[in-house]
Structures are given as structure tokens and as C-alpha cells.
**Student:** 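I am attaching a structure below and will ask some questions about it afterwards.
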Amino acid sequence: MRAAPTILHLDMDAFFAAAEQAAKPSLRGKPVVVGGLGPRGVVATASYEARRFGVHSAMPMGQARRLAPNAAYLVPRFAFYRSISEQVMELLGRLSPLVEPLSLDEAFVDLEAGGLADDSAGARVVGERLRADILATTGLTGSVGLAGSKMIAKIASEEAKPDGLVLIEPGTERELLGPRSVRILPGVGPATGEHLRRAGMTTVSDLAEAGEDELVRLLGRAHGASLYRMAQGYDDRAVVAERDAKSVSVEDTFDVDLHDRVRIRTEVERLADRCVARLRASGHSGRTIVLKVRRYDFSTLTRSDTLRGPTDDPVVVREAAGRLLEAVDTTGGVRLLGVGVSGLADYTQEDLFAQAEEERAAVAIAEAEAGADAVEAVGGGAAVSTEPESAGVVAVERRWAPGHDVRHAVHGAGWVQGSGVGRVTVRFEDPWSAPGRVRTFSVDDPELEPSEPLPLVRGECRAEA
């Protein structure tokens with residue numbers, strides 16, 4: 001624990017939804033929900049306007065639509081969000097060499113390591129300047145928490161939302177935490193919270209009064225001891241600049257349950273190839289192949305197989321995942337499939353089982369990437385099958401995802417408001433304009449093309465798509 005509040009936690013406000021509102025003048029001040037739009041999609045982020053209706057992240061999209069039927073529902077644009085995140089992380093990197101990103105929109109910063117602050121006044125100045133710099137650079141707002149530990153800094157940033165700064169003086173942690181729900185502590189989820197409630201502990205002060213021995217008896221040695229220390233307001237975790245990845249995985253949820261065993265096997269192989277592509281991009285290989293299957297009744301099965309050594313061979317991963325699938329009962333249908341690799345290493349044991357030549361692996365990844373692109377273009381988890389019309393020519397219908405950027409040869413920049421029955425509706429506006437007009441076109445209009453996102457602040461370099 002530190003004597004000065006020199007650990008900063010930044011959390012961007014309703015990040016995905018706020019970025020969409022900044023990019024689309026017609027949506028500012030209105031409820032916006034970003035997430036999967038299929039029947040089994042979930043909410044990734046809801047704007048503060050949508051949250052007033054009870055919509056929140058991880059909620060099924062169907063439930064969100066019932067709560068806020070008039071909200072704007074948009075497909076995520078992760079490349080766009082990532083480009084904004086990189087700008088924010090660059091600003092954080094100017095403050096200190098110790099920046100610990102937790103996600104695209106959240107990070108810890110050790111101000112002491114940057115030599116920018118050694119007391120409360122200095123830390124507050126840095127925090128306010130950071131918020132101003134983020135707004136000027138990205139056009140978005142972020143909330144800042146300052147404290148003597150990571151746990152309290154994160155609690156402070158939550159209290160600061162939206163668009164604020166809260167500084168908690170070291171030494172006041174127990175007073176702050178005492179009356180709060182046990183759920184405010186890291187590692188206390190719904191199951192642990194309910195277990196503690198049945199034992200008569202609902203507030204943090206209840207945990208402190210129960211004592212370490214009682215918490216260890218209830219929760220086990222590691223979890224109980226850790227929870228008791230946090231209930232005392234004690235957290236000595238350091239800000240770590242680089243955290244090693246523990247696993248790499250991909251998964252898809254299907255709009256319609258899969259029943260055909262051959263189709264399920266094909267999807268597992270496609271996921272395995274996508275997983276390997278991501279594994280290689282991170283510079284890792286791994287020893288343990290993991291298969292995840294969620295069945296029609298929401299029961300989830302996980303199976304794993306540990307190899308003799310690490311691999312990034314797509315054929316090895318594909319065949320290992322296939323073997324794991326053979327041991328899973330898919331009767332009744334499958335709604336989600338996932339493939340992952342854990343036990344990561346930064347080297348590869350070539351041809352672990354001598355099952356493939358390099359040429360076969362290269363072809364497999366190329367085919368997987370082409371298939372993934374087709375799926376992403378539709379915006380759903382189900383694969384797209386296309387039949388050749390003649391002479392090897394494949395007919396692919398153009399798809400327009402709600403919220404994605406387009407450009408028309410005559411009307412200029414806009415975004416997709418919706419599409420269906422051969423038509424696509426576009427609102428023509430940009431981040432610096434007044435709310436724009438809406439026009440409808442044929443889905444195959446040759447003058448309408450997908451476009452890269454425009455920067456949210458004038459003078460920026462064009463965002464990468």
C-alpha cells in the first residue's frame with residue numbers, strides 16, 4: 001500500500017456506444033446498444049441513455065430490445081474501437097513506463113514510476129490533464145480513479161463515472177469499504193456472494209469482523225486469505241506493464257442450433273484454423289487444445305487434450321479438436337462451439353506428429369481466413385455456404401451491417417441504418433456534421449461501397465479499418 005494516491009485507473013465511459021454516438025450525430029443523446037444482433041446476440045455496451053431503461057452489458061439482445069425498443073442497435077466495429085484505444089494507450093504511455101491495459105478501454109498506470117506525482121495534489125493534476133487530453137485526442141470521455149492501490153483506484157473510477165475523477169486518500173480504505181456490498185471486492189462474483197450471504201456476510205465490514213480463519217473455512221485457503229486482506233483495504237499488487245497471455249481462443253454462437261454432425265465437425269475445424277492464426281499472430285505456440293461445446297439446453301461441456309510439446313500447426317490443432325469432439329454428445333443440437341490453445345510458449349516444436357507438410361498448413365490457414373471473412377461479413381456466427389453458378393464463379397450477396405461505414409459516389413460518407421428485402425438504408429452524416437438525411441438503395445447499388453471509419457476529431461489521421 002502506498003502513502004500517496006499514485007496508482008491511476010482509467011475507464012472509458014460506455015466506450016463502444018460512446019464511440020458510435022461520437023461518429024453519428026443523429027445518435028447523440030439517444031439510447032444506443034452495441035452487440036450481436038442475431039437472436040442469440042448479447043449486449044457488448046449500452047450508452048447511458050439506454051442504461052436508464054435497464055439495458056446493460058452481457059444482457060441477451062432480445063431482452064434489451066424489449067426494454068428499449070426504440071434504441072439504435074448496432075453491430076460492433078472492433079477495428080474502429082481498437083484504433084481509438086491505441087490513441088488512449090499512447091497518452092497513458094506518456095505518463096509512465098508502467099501501464100497495465102486490462103481491455104481496450106481500461107488500464108492501470110503507476111504515476112510514481114513516471115515521476116509525475118508523489119502526493120495527492122500532483123496526482124489530481126495529472127488525472128485532470130489526462131482526461132482533457134483524451135477528450136481533445138479522441139472526442140470521448142474517460143473516468144479516472146486515483147488511490148494507493150489497484151483495488152481502490154478501480155473502485156474510485158467506478159464512482160467517478162461518467163466523465164469524472166475521484167481521488168481516495170490512502171488510510172481511508174477501510175472506512176470507504178466497510179458499508180459496501182461484498183460484491184465490490186475483486187473475485188466476489190454471484191456464486192461467492194451468495195455463499196457469503198448464506199453465512200450472514202453481506203458487507204465488507206462483515207468480512208473483516210468474521211476474521212481470516214472463518215473466511216478460509218468458507219472459501220478455502222487461497223481465496224479466503226485474499227478476501228480477508230482486501231476487506232482490510234490491503235492490496236499490494238503492482239502495476240505490471242506486460243502480462244503474459246495464458247491462452248488463445250475463438251468461439252462462435254449460431255443463430256440456429258447445429259444438428260448435422262458433419263457440419264459441427266466442419267465448424268470445429270474452421271475455429272481451430274482461426275485459433276491458430278491468432279496464436280501465430282501473438283508469437284506463441286501451445287500444448288493444450290481445448291474444445292468448448294454449449295448444447296441446446298445451455299449446458300456447456302469443455303474437453304482438453306495436452307500434447308507432448310507446444311505447437312502452432314493448424315493440422316495438429318484441428319485434428320486434436322476433432323478427437324475431442326468425438327467424445328461429446330451433440331444430440332439435440334449445438335448452439336455454441338469454441339476452440340482454444342493454452343499452456344503457451346514462445347517457441348514451436350515442428351511437425352509434432354508429422355501429420356502435415358508446410359504447404360498443407362499454409363493452404364488450410366488461407367482457406368480458414370477466407371471462410372472467416374465470409375462469416376464476419378454477414379455479422380453472425382453461422383458459416384456461409386455459396387454454390388458456384390458456372391465456370392467456378394461464386395455469387396456472394398453483399399451484406400450491410402447496421403452501424404458500419406459506407407460511402408456513396410454522389411452523397412458521400414454515411415452509415416448503414418438497416419437492410420433487408422434487397423434494400424439498404426443509409427444515413428448520410430459524418431462526426432462533424434449536423435444529423436444527416438436518410439436514403440434507401442438497392443443492396444447491389446454500384447455507387448455504394450463499404451468505407452473506413454472517419455476520425456472523431458478533425459485533423460486526426462484516418463482511422464484504420
Side-chain angles (χ1 to χ4, degrees), residues 1-11 95-96 98-103 106-114 116-128 130 142-161 164-240 243:
M1 298 292 291
R2 299 186 178 185
T6 54
I7 292 183
L8 179 149
H9 181 258
L10 170 73
D11 197 354
L95 302 180
S96 171
L98 294 183
V99 176
E100 182 179 340
L102 303 179
S103 61
E106 185 180 1
F108 287 108
V109 183
D110 188 334
L111 299 181
E112 186 178 278
L116 294 180
D118 54 12
D119 58 17
S120 298
R124 185 179 292 277
V125 168
V126 172
E128 293 290 8
L130 172 64
S143 296
V144 168
L146 292 158
S149 70
K150 292 169 72 172
M151 176 180 70
I152 303 300
K154 185 172 174 63
I155 291 172
S157 70
E158 188 63 32
E159 290 195 347
K161 285 185 167 294
L165 181 149
V166 168
L167 184 151
I168 297 176
E169 293 285 355
T172 65
E173 291 88 358
R174 289 195 63 175
E175 180 182 354
L176 168 79
L177 293 172
R180 307 296 184 90
S181 165
V182 295
R183 292 290 303 277
I184 201 172
L185 299 179
V188 181
T192 301
E194 176 61 20
H195 191 49
L196 292 170
R197 187 195 65 79
R198 290 198 300 268
M201 304 177 201
T202 58
T203 66
V204 176
S205 61
D206 292 337
L207 302 182
E209 292 169 4
E212 183 175 355
D213 291 343
E214 177 64 10
L215 293 178
V216 167
R217 186 186 69 81
L218 286 170
L219 304 174
R221 169 59 58 187
H223 196 186
S226 172
L227 202 57
Y228 179 71
R229 285 164 62 84
M230 289 189 290
Q232 304 292 320
Y234 188 81
D235 175 21
D236 61 353
R237 293 175 298 160
V239 176
V240 181
R243 299 188 300 167

**Student:** For E214, give me all partners under side-chain hydrogen bond (donor to acceptor under 3.5 Å, both in side chains), at least two apart in sequence or on another chain.
**Tutor:** R217
**Student:** Please identify each residue that fulfils side chain to side chain contact (heavy atoms under 4.5 Å, CB included) with R2, with sequence neighbours left out.
**Tutor:** T6, I7, D110, E112
**Student:** Going by the rule salt bridge (charged side-chain N to carboxylate O under 4.0 Å, His left out), which residues pair with R124 if we only count those two or more places apart in sequence or in a different chain?
**Tutor:** none
**Student:** Rounded to the nearest 0.5 Å, how far apart are CE of M201 and OG of S181?
**Tutor:** 13.5 Å
**Student:** Taking side chain to side chain contact (heavy atoms under 4.5 Å, CB included) as the definition, give me every residue that meets it alongside V188, ordered by chain and number, with sequence neighbours left out.
**Tutor:** V182, R183, L185, T192, L196, L227
**Student:** Could you go step by step and tell me if F108 and L8 meet the side-chain contact (heavy atoms from CB on, under 4.5 Å) rule?
**Tutor:** CA-CA 6 Å; F108 287 108; L8 179 149; over 6 Å; no
**Student:** Which atoms form the tightest heavy-atom contact between V99 and P101, and what is the distance?
**Tutor:** O-CD, 3.3 Å
**Student:** Using salt bridge (charged side-chain N to carboxylate O under 4.0 Å, His left out) as the criterion, list what pairs up with E209, not counting sequence neighbours.
**Tutor:** none
**Student:** Can you sort out the partners of D236 under side chain to side chain contact (heavy atoms under 4.5 Å, CB included), two or more places apart, ordered by chain and number?
**Tutor:** R229, Y234
**Student:** Identify the two heavy atoms, one from H9 and one from L102, that lie closest to each other, and give their separation to 0.1 Å.
**Tutor:** NE2-CD1, 4.0 Å
**Student:** Within the 4.5 Å heavy-atom criterion, are L207 and L215 side-chain neighbours or not?
**Tutor:** yes
**Student:** Who pairs with D11 by side-chain hydrogen bond (donor to acceptor under 3.5 Å, both in side chains), at least two apart in sequence or on another chain?
**Tutor:** none
**Student:** Which residue is it: V125, V109, L95? I am looking for the one with a side chain to side chain contact (heavy atoms under 4.5 Å, CB included) to L116.
**Tutor:** L95
**Student:** Would you compute the distance between atom OG of S226 and atom CZ of R221 and round it to the nearest 0.5 angstrom?
**Tutor:** 12.0 Å
**Student:** Between the side chain of T203 and the main-chain N/O of D206, is any donor-acceptor distance below 3.5 Å?
**Tutor:** yes
**Student:** Taking H223 for the side chain and V216 for the main chain, is one N or O donor matched with an acceptor at less than 3.5 Å?
**Tutor:** no
**Student:** Return a table of donor-acceptor pairs under 3.5 angstrom between the side chains of residues 168-178 and protein atoms on other chains or two or more places apart.
**Tutor:**
from : atom 1 : to   : atom 2 : distance (Å)
E169 : OE1    : S120 : OG     : 2.8
E169 : OE2    : S120 : OG     : 2.8
T172 : OG1    : E169 : O      : 2.6
E173 : OE1    : G171 : N      : 2.8
E173 : OE2    : G171 : N      : 3.4
R174 : NH1    : Q232 : OE1    : 3.0

**Student:** Identify each donor-acceptor pair in which a side-chain atom of residues 143-155 lies under 3.5 Å from a protein atom, sequence neighbours left out, and give them as a table.
**Tutor:**
from : atom 1 : to   : atom 2 : distance (Å)
S143 : OG     : D13  : OD1    : 2.8
S143 : OG     : D163 : N      : 3.0
S149 : OG     : I152 : N      : 3.4
K150 : NZ     : E100 : OE1    : 2.8
K150 : NZ     : E100 : OE2    : 3.3
K150 : NZ     : A238 : O      : 3.1
K154 : NZ     : E106 : OE2    : 2.3

**Student:** Please report the closest heavy-atom contact between P5 and A123, naming both atoms and the distance.
**Tutor:** O-CB, 3.3 Å
**Student:** Using the test salt bridge (charged side-chain N to carboxylate O under 4.0 Å, His left out), find all partners of E158 that sit at least two apart in sequence or belong to another chain.
**Tutor:** none
